[in-house]
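Down below is the structure, laid out as structure tokens.
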Amino acid sequence: MDKTLVVLAGPTAVGKTVCGIEIASHFKTEIISADSRQIYRETTIGTAVPSPEELALVHHHFIQTISLTETYNASIYEHQVLDRLSQLFEKHDLVLMVGGSGLYIDAVCRGIDDLPSIDPAVRNNLLKRFEEEGLETLTRELLKLDPVSYHRVDLRNHMRVLKALEVSIQTGKPYSSFLSATRKERSFRILRVALNMDREILYNRINLRVDKMMESGLLSEVEQLQHLRSYRAMKSVGYRELFKYLDGELLLEEAVDLIKRNSRKFARKQLTWFRKEDRYQWYSPDNTQQIIHWIEEQ
RNA sequence: GGUGCCAUAGCUCAGUUGGUAGAGCACAGGACUGAAAAUCCUGGUGUCCCUGGUUCAAUUCCUGGUGGCACCA
């Protein structure tokens, strides 16, 4: 029988955790988290990791397994998940992946190309040049080193330009030469389910959840992470706003409002990501039985 | 009660020497192969408070209302 990976995606606060646990329980299987923030050990409240009770119901993987201080990315995630999946498929015919990080989901479902690791000196030098000389000199350099990428990447997005440049400089070969047009083949079947609900209800859930996070002590969680705030993952919604409060840039009330607003934006962006992928089967989170039924039919 | 100021997008406000209007935020849509909860792009959604007048034409000027704010009583 074919092994199947069922992906359960959706915007933040839509109810993926509860729905996922129900589905996984029904199929007596385990859950792979596809959440680029819940993977960090040091953050709990602001990233809305499943509660200890929820985690006891179904075995979860990739929840709070690494430190903020480690480098992590979609490619590492891809390889780790594939390893874990091959183990899980020895025991289960179906494994559930639950999360809202579109890039991480895609890394597992279609793969991303392997790139050489970058010398921190190369990266830091480029960052410094970006700050001192601006984006334009870097895009001009990209035109010389990798004209294909120059015409392909968003030249107004410094991250894209820096990525292409750092690979080209590091290897002496154009970044574009590392990218293949074909997706990687997987040895398992993939079914995709996405959750959504009325926008207004979703926004209310987001606002409510932020209030609950504050009641649960998000502020003290953030205070205790002050010494780690230079790490990239600390730019997450909920943390960066409260750092601004701690810096005296915002009133607490303003910071909380901003967390709500940025969470809503994030939810919209997630929906954009999942919408472009037309293979998603869309459901409301309270239709778990329908979802299970659909999975069984496939 | 009197005087003065204000009334324009969901909010805060700009503006039109008279030709039906635009910023920020909100909101909406999109891009995205190693920071992805990141980063980047696009879109104005409007009885310009109401009434009457002047005018070819009023959101703009004038009259009278209404509401808000300030000061004086």
Side-chain angles (χ1 to χ4, degrees), chain A residues 9-14 16 33-40 43 45-49 68-80 99-120 122-124 126-127 130 135 139 148-149 152-167 170-171 175-184 199-200 202-203 206-207 209-210 213 218 230-243 254 257-277:
Chain A
T12 187
V14 80
K16 294 186 292 295
S33 165
D35 190 304
S36 69
R37 302 296 149 144
Q38 291 180 0
I39 198 161
Y40 294 110
T43 51
I45 299 171
T47 53
V49 296
L68 285 168
T69 59
E70 294 174 56
T71 35
Y72 202 76
N73 57 49
S75 177
I76 299 171
Y77 178 77
E78 174 194 2
H79 290 108
Q80 290 182 344
S101 299
L103 181 65
Y104 280 35
I105 293 171
D106 282 356
V108 171
C109 293
R110 61 180 54 175
I112 56 180
D113 292 304
D114 291 317
L115 295 176
S117 59
I118 304 298
D119 181 353
V122 172
R123 176 170 293 160
N124 291 337
L126 277 172
L127 267 173
F130 168 63
L135 187 53
T139 56
V148 175
S149 288
R152 205 184 272 167
V153 307
D154 179 358
L155 295 176
R156 284 177 293 195
N157 187 335
H158 69 273
M159 287 198 181
R160 300 280 143 68
V161 174
L162 285 170
K163 182 77 226 161
L165 263 183
E166 72 180 17
V167 173
Q170 168 90 38
T171 62
Y175 169 67
S176 52
S177 67
F178 292 93
L179 306 181
S180 67
T182 53
R183 55 169 56 187
K184 295 179 187 170
R199 188 66 61 94
E200 203 182 331
L202 180 66
Y203 283 0
I206 287 172
N207 295 342
R209 187 162 79 167
V210 172
M213 284 176 178
L218 180 58
S230 60
Y231 289 98
R232 292 170 167 185
M234 285 285 81
K235 293 180 95 173
S236 302
V237 175
Y239 296 88
R240 55 177 180 188
E241 295 88 351
L242 287 176
F243 282 136
E254 292 171 332
D257 280 348
L258 198 55
I259 294 173
K260 291 175 182 174
R261 217 184 303 152
N262 287 336
S263 299
R264 294 198 293 265
K265 280 188 191 173
F266 173 48
R268 259 180 264 148
K269 212 179 62 173
Q270 288 174 299
L271 286 166
T272 299
W273 186 288
F274 300 130
R275 268 194 296 253
K276 77 172 174 181
E277 178 73 55

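In what follows, every chain begins at residue 1, and chains take the letters A, B, ... in the order their sequences are listed.
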Students often get this wrong, so: under 4.0 angstrom with heavy atoms, is Gly111(A) touching a base, only sugar-phosphate, or nothing?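 No contact.
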Distance, [atom1] atom - from [M] to [N], rounded to whole angstrom:
N      : M      : atom1 : answer
A14(B) : C6(B)  : C1'   : 15 Å
U59(B) : G22(B) : C1'   : 14 Å
A21(B) : C62(B) : P     : 22 Å
U54(B) : A26(B) : P     : 46 Å
G15(B) : U8(B)  : P     : 14 Å
C25(B) : U17(B) : P     : 27 Å
C49(B) : G10(B) : P     : 13 Å
G18(B) : C61(B) : C1'   : 8 Å

Any donor-acceptor pair under 3.5 Å from Gln170(A) side chain to Asp119(A) backbone: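 Between the backbone of Asp119(A) and the side chain of Gln170(A) there is a qualifying donor-acceptor contact (under 3.5 Å).
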Enter syn or anti for the glycosidic conformation of G34(B), syn applying to angles within 90° of 0.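 Syn conformation for G34(B).
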With a 3.5 Å cut-off and just heavy-atom distances, do the side chain of Arg160(A) and the base of A38(B) make a donor-acceptor pair?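 Pair found.
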Is there a donor and acceptor pair, one atom on the side chain of Lys163(A) and one on the base of U39(B), closer than 3.5 Å?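 Side chain to base: no pair below 3.5 Å.
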Once you round it to whole Å, what is the distance between P of U39(B) and CG of Leu103(A)?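 Taking atom P of U39(B) as the reference, CG of Leu103(A) is at 15 Å.
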Relative to the 5' end of RNA chain B, which residue comes earlier, Trp273(A) or Tyr203(A), by the nucleotide with the nearest heavy atom?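 Whichever sits nearer the 5' end wins; that is Tyr203(A).
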Given that both distances must come in under 3.5 Å, which nucleotide forms a Watson-Crick or G-U wobble pair with C5(B)?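 For C5(B), the partner nucleotide comes out as G68(B), under the 3.5 Å rule.
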